[in-house]
**Student:** 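Dumping the structure here so I can ask a few things about it.
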2 protein chains.
Amino acid sequence: MNKEKSPRKPTLFEVAAHAGVSEITASRALRGSNVVTPETLQKVQEAATSLGYLRNRLAGALAGGPSNQVGVILPSLSNIVFPDVLKGLEDRLEHAGFHPVLGISNYDPEQEEQLIRNLLSWRPAGLVIAPSGMTENSRTMLAGADLPVVEIMDIDTDPIDMAVGMSHRGAGLAMARHLIARGYRRFAYVGHDIARDNRATARLDGFTAGLNEAGLKMVGCVTLVEPSSVALGRRGLNMLLGSDCARPDLVYFSNDDMAVGGVFHCMAVGISLPDQLAIAGFNGLDIGQSLPTPLTTTASHRARIGETAAACVLKRLSGEETPRMTDVGFTLIAGGTS
Amino acid sequence: MNKEKSPRKPTLFEVAAHAGVSEITASRALRGSNVVTPETLQKVQEAATSLGYLRNRLAGALAGGPSNQVGVILPSLSNIVFPDVLKGLEDRLEHAGFHPVLGISNYDPEQEEQLIRNLLSWRPAGLVIAPSGMTENSRTMLAGADLPVVEIMDIDTDPIDMAVGMSHRGAGLAMARHLIARGYRRFAYVGHDIARDNRATARLDGFTAGLNEAGLKMVGCVTLVEPSSVALGRRGLNMLLGSDCARPDLVYFSNDDMAVGGVFHCMAVGISLPDQLAIAGFNGLDIGQSLPTPLTTTASHRARIGETAAACVLKRLSGEETPRMTDVGFTLIAGGTS
DNA sequence: TTGAAAGCGCTAACAT
DNA sequence: ATGTTAGCGCTTTCAA
């Protein structure tokens, strides 16, 4: 396969020759311009099909035509959160015939900078990024690149161009207030590698602020320097309860994966929820809501963030006005684990 | 932002002029050719930095330079399976400075064909695809495109160029044999939208074949025409047990998401696992293994499939020999739910 | 080690 | 409605 030296792919020139028109007419026809007559359109289409012509967008974009590529930089694909965002993005982009060109930064500003440089070198139509501590260079490149740039997930900081997301600090704060109103007083926290995930940090900040408002503070805290997972949450809760801190009445987890792990730990060792211990998470994943007792959590609208970000790029490209900030909000879910 | 008419980005020509060399020398320097002297290299790099030069790979690729884009077509991003594959792919590609350009086919052959056409029009260096019933046109385009093409997930059919995956039929068969050896006899199945997911179908085929070997057949079967999810598995098991089929002693689910839903249903209604009912899934997800009772399942090596596929593309590009078929295998996990 | 020439395949701009 | 001209910014020969 692919061994015989290919007889060079037909170009627009060949197609035009076969159809008996000029190159530019063939180009217009194939791109669906409405100035070509139906007859020429058909001739060109037939020529293209019979020759097996395949458009070369490299040349098209270089010559000043539009690109349909959108750079997308995400910190990770390890849990379902960013795939959900990507799904929303892809969905909306695909409807417009656009494609995401993907880069994963691993929460590393240096890698992120490298990715930005790399992706921009393809002259994409737009860029969507879930920032991981952008460097000065990163900001400069994006600000100077003259394309729509959407920073996603968080709206707690000022964006270079546009931002779509929610306030993670606000989510933590709302959850704290909700739980305090329900009567909980002795709070503990189980988190994952928080140094790199500043959105989790923002939630914890907000949560802590909520406790402070009521004159409370954490009675215990376990942070494990690993990526979040169900297994890690299970282990984390086990550590927390084994430590000599005051027995908490509610444990706030850095996200739902972790919280589900906490629920499983309780099931395994016979702690009854929510009487003996209450649990809250963040994200509103399917898995948490399908538990025998649905998880108390905050639903983040991940797919909607992706869709909205894509919409912002597309709108800007079509010359429409776009909001600088879009808050997709969050939804507190008062489940059965609290 | 982005409003002032941009003063046109500096091109290689500007960089070369600043460095006092020719365009081609600047090009060679910036691409890390080892024929330029260290002095010229430095001059060029300085010029590039001071001008804020950003390489244009559109032009580079059009002029015959290499592309570092790899088309990736997946059927879905809705559960963690394909993101895991994508993660493996991205990881390996990124190390080589390559980027996936993504398309989601939604298990639809027509969309898939459109995506192939679209992605190929960017003249990527390679293409990785989890096929969803490729059309004749799709096969023709891929066979004629003269680039490395890797079909992933399944190795039960003959690939156009290369294939990386596992035998889903074999996985179903192995699970059936294992369970029969453990003494189970009354099997039922709960599945999701199987018409579109032919890998799930292949597993079921294999599983059924295993039953046949032992002179057994399914005592019950529920198939719900929706994407798989924990919630759906829970619902599916509820329906199965409410139907008038013979009471099964083991339920095989179309995947782990579904199976975990089944486990949750049992927990909720007080069916004890595995005494009253046994459950088996497929994929070996973290969530299943973190259950109070770890799930019996077959681990698929998803990230490894992605990594291997990327490696195949990269190898082929560097002129090395590549295997036509790579079987990454699967691992049966005898958990506590059976 | 460096450079000059020639194009990659297409599209915008300006005719006609 | 169609065509002509002139590049887009780079890299591959081929030469010096």
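All values below were derived from every heavy atom in this structure, side-chain atoms included, with hydrogens, water molecules and symmetry-related copies excluded. Throughout, a chain's letter reflects where its sequence line sits, starting with A, and its residues are numbered from 1.
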**Student:** Quick test of your reading: applying side-chain hydrogen bond (donor to acceptor under 3.5 Å, both in side chains), list the pairs with at least one residue in residues 21-30 of chain B, sequence neighbours left out, ordered by first then second residue.
**Tutor:** B:Ser22-B:Thr25, B:Ser27-B:Arg31
**Student:** Could you list the residues that satisfy side chain to side chain donor-acceptor pair (under 3.5 Å) with B:Glu320, not counting sequence neighbours?
**Tutor:** B:Ser318
**Student:** Please report the distance, rounded to the nearest Å, between CG in B:Asn56 and P in D:dG7.
**Tutor:** 18 Å
**Student:** Extract, from 5' to 3' on DNA chain C, the first and final nucleotides lying under 4.0 angstrom from some heavy atom of chain A.
**Tutor:** C:dG9 to C:dA12
**Student:** Using a 4.0 Å cut-off on heavy atoms, which residues in residues 117-126 of chain B reach DNA chain D? List them by number, or say none.
**Tutor:** none
**Student:** Minimum heavy-atom separation for A:Lys9 to B:Gly144, with atom names?
**Tutor:** CE-O, 4.2 Å
**Student:** Is the shortest side-chain heavy-atom distance between B:Thr40 and B:Lys43 below 4.5 Å?
**Tutor:** yes
**Student:** Take A:Glu14 and A:Thr11, measure what side chain to side chain donor-acceptor pair (under 3.5 Å) needs, and give me the verdict at the end.
**Tutor:** CA-CA 5 Å; A:Glu14 270 85 61; A:Thr11 71; 3.2 Å; yes
**Student:** Within this structure, what is the CD1-CD1 distance for the pair A:Ile305 and A:Ile152, rounded to the nearest 0.5 Å?
**Tutor:** 7.0 Å
**Student:** So do the side chains of B:Glu90 and B:Val72 get within less than 4.5 Å of each other, counting heavy atoms only?
**Tutor:** no
**Student:** Looking at side-chain heavy atoms only, is the closest gap between A:Arg57 and A:Ser67 below 4.5 Å?
**Tutor:** no
**Student:** Identify, with sequence neighbours excluded, every residue that meets salt bridge (charged side-chain N to carboxylate O under 4.0 Å, His left out) alongside A:Arg199.
**Tutor:** none
**Student:** Do B:Leu89 and B:Val70 come within less than 4.5 Å of each other through their side chains, counting heavy atoms only?
**Tutor:** no
**Student:** Is there a residue in residues 36-55 of chain B whose heavy atoms reach under 4.0 Å of DNA chain C, and which residues are they?
**Tutor:** B:Val36, B:Thr37, B:Thr40
**Student:** Give me each pair satisfying salt bridge (charged side-chain N to carboxylate O under 4.0 Å, His left out) with a member in residues 77-89 of chain B, each pair once, sequence neighbours excluded.
**Tutor:** B:Asp84-B:Arg302
**Student:** Show the distances under 3.5 angstrom between N or O atoms of the protein and N or O atoms of nucleotides 3-6 of chain D.
**Tutor:**
unit_1	atom_1	unit_2	atom_2	d
D:dG3	OP2	A:Ser22	N	2.9
D:dG3	OP2	A:Ser22	OG	3.0
D:dG3	OP2	A:Thr25	OG1	2.8
D:dG3	N7	A:Arg28	NH2	2.8
D:dG3	O6	A:Arg28	NH2	3.3

**Student:** Test of understanding: with side chain to side chain donor-acceptor pair (under 3.5 Å), list the residues that count as partners of B:Ser138, not counting sequence neighbours.
**Tutor:** B:Thr135
**Student:** Do any of residues 57-67 of chain B sit with a heavy atom less than 4.0 Å from DNA chain D, and if so which?
**Tutor:** B:Ala59, B:Gly60, B:Ala63, B:Gly64, B:Gly65
**Student:** Would you say B:Met166 and B:Asp327 make side-chain contact, with heavy atoms under 4.5 Å?
**Tutor:** yes
**Student:** Sequence neighbours left out, cut at 3.5 Å: what donor-acceptor pairs do the side chains of residues 116-127 of chain B make with other protein atoms?
**Tutor:**
unit_1	atom_1	unit_2	atom_2	d
B:Arg117	NH2	B:Glu113	OE2	2.7
B:Asn118	OD1	A:Asn68	ND2	3.3
B:Ser121	OG	B:Asn118	O	2.6
B:Trp122	NE1	A:Asn68	OD1	2.8
B:Arg123	NH1	A:Arg55	O	3.1
B:Arg123	NH1	B:Leu120	O	3.1
B:Arg123	NH2	A:Leu54	O	3.0

**Student:** Taking only residues two or more places apart in sequence or in another chain, which ones pass side chain to side chain donor-acceptor pair (under 3.5 Å) with B:Glu136?
**Tutor:** none
